[in-house]
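Notes to accompany the following structure.
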Amino acid sequence: MELTLAIAIGVLTGSGVWLILRPRTYQLVIGLSLLSYAVNLFIFAMGRLRVGAAPVLADGVTNPADYADPVPQALVLTAIVIGFATTALLLVVLLVSRGLTGSDHVDGRESR
Amino acid sequence: MKLALITLLPFLGAVFPVFSIRYGRNACAALAGAFTLAALVLLLGEAPAVYRGEVPAWGVDWLAPVGLRFSFFLDGLGLFFATLILGIGLLIILYARFYLDSRNPMGVFYTYLLLFQGAMVGIALSNNVLMMLVFWELTSLSSFLLIGYWRHLPEARQGARMALAVTGGGGLCLIAGMLLLGHIAGSYELGEILARGEVVKASPLYAPALVLILLGAFTKSAQFPFHFWLPHAMAAPTPVSAYLHSATMVKAGVFLLARLWPVLAGTDMWFMVVTPAGLVTMLVGAWIAIFKDDLKALLAFSTVSHLGLMVMLLGFGTHMAAVACAFHILNHATFKAPLFMSAGIVDHEAHTRDIRRLGGLVTLMPITATLALIAAASMAGIPLLNGFLSKEMMLEEASHTVFAGTTWLVPVLATLGALLSVAYSARFAVRTFLGPVRHDYPHHPHDPPFGMWLPVAVLVVPVIAIGILPMLAEPVITRTAMAIVGGPLPEFHLALWHGLTPALFMSLVAIAGGAALFAAFDPADRLRRSLPRPEAKRLFDSVIDALVAVCRRFIDASHTGSLQAYAGATIAAVVTVGLVAFFDAPHAAGERTPMPVNATAILAWILVLGATLAVITCHANRLLALVLTSVIGLVVSLSFLTLSAPDLALTQISVEVVTTILLLLALNLLPKQTAPEKGLGIHLRDGAVAIVAGLGIAGIAYAVMTRDFSTISDFHIAQSKPGGGGTNVVNVTLVDFRGYDTFGEIIVLGIAALTIFALLDNALRGAAARRLDAMRQGEEAKDAHPLILVVATRVLLPLALTVAVYIFLRGHNQPGGGFIAGLIVSIAFIMQYIASGYAFAAERARVNAQALIGAGVIIAGLTGIGSWFFDAPFLTSTFGHLHLPVIGDVELASAMGFDTGVFLTVIGAVMLSLSQIARVEQRAEREPVPEGPMDNRPQPVGGDAPALTATQGAAK
């Protein structure tokens, strides 16, 4: 499972980086989404993988070994929401930029 | 304490002139003078102690860890210099009052002058080399302001820039040199450094430290080959030239060499570098001075020459040479400042300072001429004036100096220097003041007001007094020279007559030769014209131009305006750094038992990989790319669910929904297809970066996941129930343990949404809006608001809200919470917008989204502040239980209030962003708000408009 997840994270990262380096604004947004999936999964994976051990305490059981690590999960949770906010902001900047320049190239003009 | 006050008084005084100028120019000058006088009186009050052999000192720590202390001390050298600075400063203030007429802003002038004065006094009294550097830079800056005082003149601006570039550049070298010196000596306190001369000279770092410090001193004191800036600094008003560029600032370099003499001098390297630099400067400066027609330029080059003389004396490294140097500093200040001021008077009265248009002034302005002639004779080294005495001492020292094995080289060149200085002094004196009276002066000259010649006269008094009775200066010079060498001096006496010494002979040769050279000026001038004359300013300008051109080429090459290239460079740099770290550390797979893989996981894995690869290959079709991205997001949320993170799964899936809606809205305003891209090279480069990044991250992730680890979360799990009152550890972490973090995050969320609002609100007006409008793809759905969708979303709205409340309330103990509940509510409302249209939904929205964001942040903040009333830190939570019918036992923690804030902010932020983007689509302000259950779209002619009217009627 670790290997499959690592490969998935790697493929998402590589694809995200590739798309971020493309010239069109839309590609950039999609690339950023892929990259944020990768980053979220990566941070989450730092707490190691567990099945059936959600960090919701059962009565009287407070042995940490019985639960998945809650701290990376808390970090990722806010990261997902902030990720939405930044994606929306980026998108609006790109839209307004297209309105002002008439081009959806990241440079605001078609490349020479 | 008193020493700090002496230094700070001029700085304090610098505040007043700009304000006091409104009470008249006399008040302004008097106030500036009063501060200077106060500092001078305080300083002289310390003098008796210094002459008793004490060294008053005072200091406090400033930045102790780096060795910077605010500390001062006063020894003979410091007292000597500070007295010169403040004493001449006082005279210059008086002189400038009459020199500057009402068209010049006098307040600003005095402010700059006092700033400069304070900085100079600071250099003289500093006991910490780092603090001295601060004052050193301040003198460069304030002299920049003073040289550029007449900022409407291009030469003033260029001269100021050149002076700053040269002295500032030297200052940078000096900083490095002083840091090295302090490092070698183990302290930045000057007192301690001076005591460790032997350690410093033995250190392998001595040579670099010496070179760097000399660069600083030579640039400041205009030593060859850095002498070229000083004549250009003469574009400053004459009081400035007299003060900075003859008496004080240019001597800062000499002062520094004298100050560090015990530490640095006496080695072969010191002698072999400093002596020739001084000697060459003396000769070059004097030679150029002879042929200058501008009085101030002549004096400027003569100053360069005299500074060379002082540096040469320090370079000799003998105690008597140090005595001669101290004596010459005093004498030079007393004759050169009057000469500059006389030149200023001539310029002021005759409206020219071109030597070819002057002559015969002695009958028209007898007072000025007499004073200037005495000072000029002293500069030439005529007996019975002080210049003769120190010049003879210089020749005496030169006559015993052996350079590179030759005994005659230094004495002959020193005599030549003295000879040249006789020639330029003669030219200055004779061509300006003697000869027949002319009738073609640009302005008829006469003696200036009393206040203008008085400072000249005050300084000429010591020129004669010391010249006739040299023993008057003996205590001062002895005390100063003792401070320079840092120990006792050999027995010596300043006297007019030392017998028939070689120096006397050399003096006579110099005077006779100089007179002869002056007589043969025309042949000499022809000789000079036949020699190569490098124009320093042109060289300097071409160096600067070349530097600018190199920088511009670099900037043009790197700042192409292509964001793609910038992003590529940034990411490539990050990947490279990561790569280096990757090879530096172990990254093989660890020992942890891997988790078994099941068929479902493999299926999901293939789905993600397939979708990702499809996105990057088919991204030209944008709608498809969006659908594929959602598939990835869905699988990611399912993975979270499987891997024991139900909160993440819920959050991810709801964010997925709103992100998809967002992108769909945006897609309508962007091209549907991506234009094909050219450039295989770029693709290969980006592909390589992307592959390395992906491999690296995958490698790190695998290496980490296969290792065991220690975590800080034991605390969170153990304290979740007793401390936070909830069993959902993730939610308790968010609202309690890391509540402060969450508080910051909801603020960011709110700011992002408000920024979106502001950006779009502007973009909705003007040309950008028209262009966006024109770009919208015209094609619209036949039935934009299907009735089934409208009905379904209406029915779902209360259900969705109920679910959200449930998720919110249970969040503390079960997966859920403010973030997720907020997202669910947002989705429920957004569905109304989609189904019924922007105008319809916006009209019915009871609550303003901005207000929701504000309320959310305020509620979360107040909950945090609430704990202050119980003497607990910000955001400390408390909890109790409440039994609600149907829902059951509800944990009522104060964290619940905080979570409410989170909840409201999320709703506000999501609604605001999405509705604003939707508004761009709709341009709602142009369409009337319909009264029916959905937006009313203009129908094509002959369409089903009657049906819509019927629906509206039914709704009524």
Side-chain angles (χ1 to χ4, degrees), chain A residues 1-4 6-15 17-21 23-24 26-27 30 33 37 42 45-46 48-57 62 64 67-71 73-74 76-78 80-82 84-89 91-92 95-96 99-100 102 104 106-107, chain B residues 562-564 567-568 571 594-595 597 605 608-609 612 616 619 622 625 629 636 643-648 651-652 655 659 662 666 669-671 674 686 690-691 693-694 697-698 701-702 705-706 711 713-714 716-718 727-730 733-734 745 749 752 755-756 759 763 768 771-772 819 913:
Chain A
M1 194 68 158
E2 279 82 1
L3 187 63
T4 50
I7 292 173
I9 292 174
V11 169
L12 283 170
T13 309
S15 313
V17 167
W18 165 263
L19 284 175
I20 283 175
L21 293 175
R24 301 289 154 183
Y26 186 72
Q27 295 168 313
I30 296 289
S33 304
Y37 291 140
F42 183 82
M46 293 302 103
R48 305 302 188 274
L49 308 185
R50 297 288 296 268
V51 174
V56 177
L57 302 182
T62 52
Y67 301 103
D69 196 339
V71 175
Q73 293 194 16
V76 171
L77 199 151
T78 47
I80 294 172
V81 181
I82 293 282
F84 161 74
T86 48
T87 307
L89 183 57
L91 204 60
V92 167
L95 282 182
V96 174
L100 292 172
D104 77 328
V106 286
D107 297 345
Chain B
S562 161
L563 292 176
Q564 224 183 329
I571 294 175
M595 212 167 89
V597 187
W605 183 68
V608 165
L609 258 48
T612 313
I616 57 171
H619 63 78
R622 295 186 164 190
T629 313
V636 168
L643 296 170
S644 316
D647 281 283
L648 290 191
T651 314
Q652 181 74 59
V655 163
T659 308
L662 182 80
L669 293 166
L670 290 170
T674 298
D686 293 352
I691 287 172
I697 291 291
Y702 186 65
M705 282 190 281
T706 50
T711 169
S713 52
D714 293 1
H716 297 78
I717 291 171
T727 53
N728 179 3
V729 188
V730 174
T733 308
L734 282 176
E745 303 209 47
L749 204 61
T755 313
I756 290 173
L759 274 172
R771 203 173 293 147
L772 272 179
F819 276 113
S913 343

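Convention: sequence-line order gives letters A, B, ...; per-chain numbering from 1.
Within the 4.5 angstrom heavy-atom criterion, atoms from both the backbone and the side chain of A/Leu49 approach chain B.
Residue with the most contacts toward chain B among A/Ile30, A/Ile9, A/Leu19: A/Leu19 (heavy-atom pairs, distance under 4.5 Å). Interface remark: of the candidates B/Val730, B/Asn728, B/Ile697, B/Asp686, B/Asp686 forms the most heavy-atom pairs closer than 4.5 Å to chain A. For the set A/Leu77, A/Val106, A/Ile82, the count of heavy-atom pairs under 4.5 angstrom toward chain B peaks at A/Leu77. Heavy-atom pairs under 4.5 Å with chain B peak, among A/Pro55, A/Ser33, A/Ala8, at A/Pro55. The choice from A/Val71, A/Ile80, A/Val76, A/Thr13 that makes the most heavy-atom pairs within less than 4.5 Å of chain B is A/Ile80. Note: B/Thr629 leads B/Thr629, B/Ile691, B/Thr733, B/Val597 in heavy-atom pairs under 4.5 Å with chain A. Most heavy-atom pairs under 4.5 Å with chain B: of the set A/Leu12, A/Thr87, A/Thr86, this distinction falls to A/Leu12.
Checking side-chain atoms of A/Asp107 against main-chain N and O of B/Leu563 turns up a donor-acceptor pair under 3.5 Å. Side chain of A/Tyr67 to backbone of B/Ile717: no donor-acceptor contact under 3.5 angstrom is found. Judged purely by atom type and a 3.5 angstrom limit, A/Gln73 has no side-chain atom pairing as donor or acceptor with the backbone of B/Val729.
When all heavy atoms of B/Ala698 and A/Gly10 are compared, the closest pair comes out as CB-CA, 3.8 Å. Nearest approach of B/Met705 to A/Glu2, heavy atoms of both residues: CE-O, 3.5 Å. Heavy-atom minimum distance, B/Gln652 versus A/Tyr37: NE2-CE2, 3.5 Å. Of all heavy-atom pairs spanning A/Pro64 and B/Asp714, the tightest one is CB-OD1, 3.3 Å. For A/Ala88 against B/Ser913, the heavy-atom pair with the smallest separation is CB-CB, 4.3 Å. The shortest heavy-atom contact between A/Leu95 and B/Ala666 is CD2-O, 4.1 Å.
Rounded to the nearest 0.5 Å, atoms CH2 (A/Trp18) and CD1 (B/Ile616) are 7.5 Å apart. Atoms CE and CG, from A/Met1 and B/Leu643 in turn, are 5.0 Å apart once rounded to the nearest 0.5 Å. In this structure, the separation between CD on A/Gln27 and CD on B/Gln564 is 8.5 Å, given to the nearest 0.5 Å.
With a 4.5 Å cut-off on side-chain heavy atoms, A/Thr78 and B/Phe819 count as touching.
Among residues two or more places apart in sequence or in another chain, the salt bridge (charged side-chain N to carboxylate O under 4.0 Å, His left out) test is passed with A/Asp69 by none. In this view, A/Arg50 satisfies the salt bridge (charged side-chain N to carboxylate O under 4.0 Å, His left out) rule with no residue, not counting sequence neighbours.
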Note to self: Under the criterion side-chain contact (heavy atoms from CB on, under 4.5 Å), I'd like the reasoning laid out for A/Val81 against B/Glu745: C-alpha separation, chi angles, the key distance, then a yes or no.
What the structure shows: CA-CA 9 Å; A/Val81 181; B/Glu745 303 209 47; over 6 Å; no

